[in-house]
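Numbers restart at 1 for each chain; the letters A, B, ... are given by sequence-line order, proteins then strands.
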Number of protein chains: 2
Amino acid sequence: MTAPETIETIRAFNRFYTNKIGVLARDYLATPYTLTEGRILYEMGARERVSATELNRDLGLDPAYLSRILKKFREAGFIESEPDPSDKRSQILNITDKGREIYETLGERSRQQIADDLRNVDETGQARLIDAMQAIRATLDPSTATPPAPVIMRPYRIGDMGWLIEAQATAYAREYGLNEKFEALVAEIAGKFIANFNPERERCWIAERDGRRVGSVLVADGGGDTAKLRLLYLDPSVRGLGLGRALVEQCIKFSTLAGYRKLSLWTNDILTAAIHIYEKTGFKLVSEERHAMFGPECNGQTWELDLAEAKLSAA
Amino acid sequence: MTAPETIETIRAFNRFYTNKIGVLARDYLATPYTLTEGRILYEMGARERVSATELNRDLGLDPAYLSRILKKFREAGFIESEPDPSDKRSQILNITDKGREIYETLGERSRQQIADDLRNVDETGQARLIDAMQAIRATLDPSTATPPAPVIMRPYRIGDMGWLIEAQATAYAREYGLNEKFEALVAEIAGKFIANFNPERERCWIAERDGRRVGSVLVADGGGDTAKLRLLYLDPSVRGLGLGRALVEQCIKFSTLAGYRKLSLWTNDILTAAIHIYEKTGFKLVSEERHAMFGPECNGQTWELDLAEAKLSAA
DNA sequence: TTAATTTATTTGACGCAGTCCAATAAATAT
DNA sequence: ATATTTATTGGACTGCGTCAAATAAATTAA
C-alpha cells in the first residue's frame with residue numbers, strides 16, 4: 001500500500017519533469033533533429049555495433065519509426081549497416097566519422113545547456129541534485145542504475161561519528177527495539193574516542209560506497225596490551241557482502257602491528273550477525289551478563305581474541 | 001564551473017526520465033487524450049478559473065495549439081469560458097461537472113499507474129524517492145517547489161543526537177575550520193545528556209521542516225538552580241528566520257517553569273549569529289577565556305540569564 | 001525433411017499533434 | 001488619436017509517429 005501523499009508527490013514530479021523534457025524537445029538543442037533522433041544517435045555513439053532490435057528494445061520505439069530514422073541516417077552518411085553474420089535478418093549498425101561528429105556536437109550542446117541550467121545552483125545544490133537523481137534511478141529501476149560501486153575504507157573524517165551514531169541508533173531501534181540509552185552510549189564512546197585519539201595506537205575506519213557511508217569500526221586503546229574493537233556497524237544495504245568480516249580483519253591486523261596482544265570487544269547476544277563474524281575470526285566468548293540497559297533484556301557479552309594465536313593461525 | 005561527471009549524471013538522468021515520460025505518453029492512461037490534453041485538463045481541475053494565457057505561460061505551449069484544444073474541450077462540454085471582465089481580450093476558463101468527471105478519472109488512473117510502479121519499492125525506497133524528487137524540484141526550480149513548510153518543534157527521538165553531532169560538526173568545520181575535537185565534545189555532551197536524562201528538569205527540542213531536521217537546542221540540569229542551554233544549532237537553510245530566537249525562548253520558558261533561577265551557556269566568540277541571539281534574549285557575558293581546543297584560537301564565553309529578571313521584563 | 005510459426009526489418013498509407021503566419025480585437029503606450 | 005503590444009483564433013501545412021501488411025530469415029513442430 002502506498003500513501004496518497006507519496007503518489008501525489010510523484011505525480012507532481014512527473015508533471016514537473018514532463019515540462020522540463022518538453023522544453024528540451026522543442027527545437028532540440030538548436031539542431032534539425034528530433035529528441036528521439038538525438039537519443040538514437042546518442043545510443044549509437046555511446047555503444048559500438050548496436051543492432052536495430054537492441055536499440056528498439058532499449059528505447060521502446062515503434063520498429064517502423066526506428067527503421068525510417070535509420071534509413072535517414074544511412075542516407076545522410078551518419079551510420080553504416082552490415083547484416084549480422086549470425087542472423088542475416090538482423091543488421092549491425094555502426095556510426096561513421098561523420099555521424100560521430102554530429103554525436104559530439106549534440107553532446108557538447110547538451111552539456112552546455114545543462115551547465116547553463118546549473119549556473120544558479122551552488123555546489124551543495126549540485127551535489128544534492130546528482131544524489132537525488134541517482135536515488136531515483138536506483139529506486140525506480142535498479143538494473144539501469146550505475147552498478148554498485150566498490151566499497152572503500154577510509155580513515156575518520158569530521159561528521160563520521162555523528163553519522164555512525166545516528167545510523168546505529170536508528171537501525172538497532174528499528175531492528176531490535178533498543179531505546180535511546182543505546183544512542184547515548186554510542187555517542188559517549190564515539191566522543192571519548194575522538195577526544196582522546198592516539199594515532200599510534202588507535203584507528204577508525206569508515207566504509208564508503210559511492211560517497212555514502214555504509215559501515216564503520218574502530219580500535220581503541222584498552223589499556224595495557226589490550227585493544228578494544230568498538231562500534232562495528234554495517235548499513236543494511238551492504239550486509240552479507242563479507243564487509244563486516246573485512247572490517248574486523250582490518251582491526252586484527254592493525255592491533256597486531258600496533259603491538260597489542262589481545263583484542264577485546266563487548267557486544268550483545270541479539271546482534272547475531274556481528275557475533276557470527278567474531279566467531280569466524282577467532283574471538284572467544286569470555287563472559288556474559290544479563291542486562292536491560294537498552295530496553296529489551298539481553299545478554300551483554302565480552303569476546304576476546306589472542307592476537308599471537310591469531311597471527312599463527314593466519315600464517 | 002560544473003564538474004563533467006555532474007553533467008554526465010544529469011544527462012543520464014534526463015535520458016532515463018525521457019524514456020519514462022515516453023512510455024507515460026504512449027496511449028496516455030488508456031484514454032483518448034494526449035498527455036498534453038491531460039495536462040491541460042489537470043491544470044483546469046486543480047485550480048479554478050484559469051485564464052488561457054496563464055495556462056499557456058505555465059505549460060509553455062503554442063497559443064494556437066492551446067486554443068484548439070480548448071475549443072475541443074468546450075465543444076465536448078468539459079469546460080466553459082466567459083470573458084474576463086477586467087480584460088475582455090482574455091477569457092476565464094472553468095471546468096464543468098462533466099469535465100471534472102474526466103479529470104477525476106484521469107487522476108484515478110494516474111494514481112493507479114504510479115501505485116503499480118511502486119509495487120516493488122519498499123517503504124524506505126519510497127521515502128527516498130519522494131525525498132529525491134522534492135530535492136530535484138527545489139534545486140532546479142525553487143519557485144515551483146512546494147512552499148517552505150512551517151518549522152515545527154518536537155521532542156527528541158532516537159537518532160536525533162547523531163544527526164545533531166554530524167550536522168554541527170560538519171557545518172562548523174566548513175564555516176569556521178573547527179577540527180574533530182569539536183565533534184568529540186558535541187558527541188560527549190549529547191551522549192551524557194541522553195544517558196542521564198531527567199524528564200522533569202531537562203528537555204531537548206528538534207526543529208523539523210518537511211520531516212527534515214533543521215535545528216536543535218537542549219536544556220540540561222546544571223546543578224543547583226542553574227540550567228544549561230546547550231547545542232543550539234540551526235541548519236544553514238533556516239538561518240535568519242528567527243528560529244534560533246524561538247528555540248532560545250523556548251528554553252527560557254521551560255527553565256523558568258521548571259524552577260531554575262539561572263540559565264547559563266558556554267559558546268565561542270566566532271559564533272556571532274548565536275551570540276547575537278543570546279544578547280537579544282537578555283543573556284549577559286560573565287566570563288571569557290582564550291583557547292584553541294578546536295583548532296583555531298578563539299574565546300570561549302560563558303553567558304548567563306537571570307530567569308527572575310527575564311520573567312519580569314517579558315511581562 | 002517440410003510446413004507452420006515467430007522474429008527482424010521495411011514500406012505504404014495516413015491521422016493528427018504541434019507549428020508558423022496572419023488576422024482580429026482589446027488594452028496599453030506615445 | 002495613433003502606434004504598439006497582448007490575447008486569442010483560424011488557415012495551412014509539416015512531419016512525427018502509428019497501424020497494417022509485406023518480406024525474408026530463423027526457429028519450432030510435425
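- By the 30° and 60° cut-offs, the orientation of the rings of F78(B) relative to Y33(B) is perpendicular.
- Look at S90(B) and you won't find any side-chain N or O under 4.0 angstrom from OP1 or OP2 of dA7(D).
- Going from atom CZ of R74(B) over to atom P of dG10(D) covers 8 Å, rounded to whole Å.
- In terms of position on DNA chain C, the residue among T34(B) and P85(B) whose nearest nucleotide sits closer to the 5' end is T34(B).
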List every contact pair, protein side and nucleotides 18-20 of chain D side both N or O, where the distance is under 3.5 Å.
residue : atom : partner : partner atom : Å
dT18(D) : O4   : R68(A)  : NH2          : 3.1

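- In this structure, S51(B) reaches neither bases nor backbone, as no heavy-atom distance under 4.0 Å exists between it and the strands shown.
- Across the protein-nucleic acid pair, I69(A) atom CD1 and dT10(C) atom P stand 12 Å apart, rounded to whole Å.
- The aromatic ring centres of Y17(A) and F13(B) sit less than 6.0 Å apart.
- Remark: the backbone N or O of F16(B) is not paired with any side-chain donor or acceptor of N19(B) at under 3.5 angstrom.
- The interatomic distance linking I92(B) (CD1) with dA7(D) (P) rounds to 13 Å, in whole Å.
- In this structure, the CG atom of D84(B) is 13 Å from the P atom of dA26(C), given to the nearest Å.
- As rounded to whole Å, 14 Å separates atom P of dC16(C) from atom OH of Y33(B).
- Closest approach to the K71(B) side chain among dT11(C), dA17(C), dG10(D) is made by dG10(D) (side chain taken as heavy atoms from C-beta onward).
- Once rounded to the nearest 0.5 Å, the distance linking NE2 of H276(B) with OG1 of T281(B) reads 10.0 Å.
- Checking the phosphate oxygens (OP1, OP2) of dA7(D), no side-chain nitrogen or oxygen of S67(B) falls inside 4.0 Å.
- Rounded to a whole Å, the CD atom of E75(A) is 13 Å from the C1' atom of dT10(C).
- Counting any heavy atom pair closer than 4.0 Å across all strands shown, R39(B) reaches no nucleic acid atom.
- Between the CD atom of E54(B) and the P atom of dT6(D) there is a distance of 17 Å, rounded to whole Å.
- Taking the six-membered ring where tryptophan is involved, the planes of Y103(A) and Y42(A) are tilted, since the angle between them lies from 30° to 60°.
- Nearest to the side-chain atoms of Q91(B) among the listed nucleotides dT9(C), dT9(D), dA26(D) stands dT9(D).
- Both D87(A) and L70(B) sit near DNA chain D, but only L70(B) has its closest nucleotide nearer the 5' end.
- Between R49(B) and D84(B) the shortest side-chain heavy-atom distance does not fall below 4.5 Å.
- The R89(A) side chain lies nearest to dT7(C) when the options are dT8(D), dT10(C), dT7(C).
- Side-chain N/O atoms of S81(A) and R74(A) include a donor and acceptor closer than 3.5 Å.
- In this entry the distance linking NZ of K72(B) with C1' of dT8(D) reads 19 Å, nearest Å.
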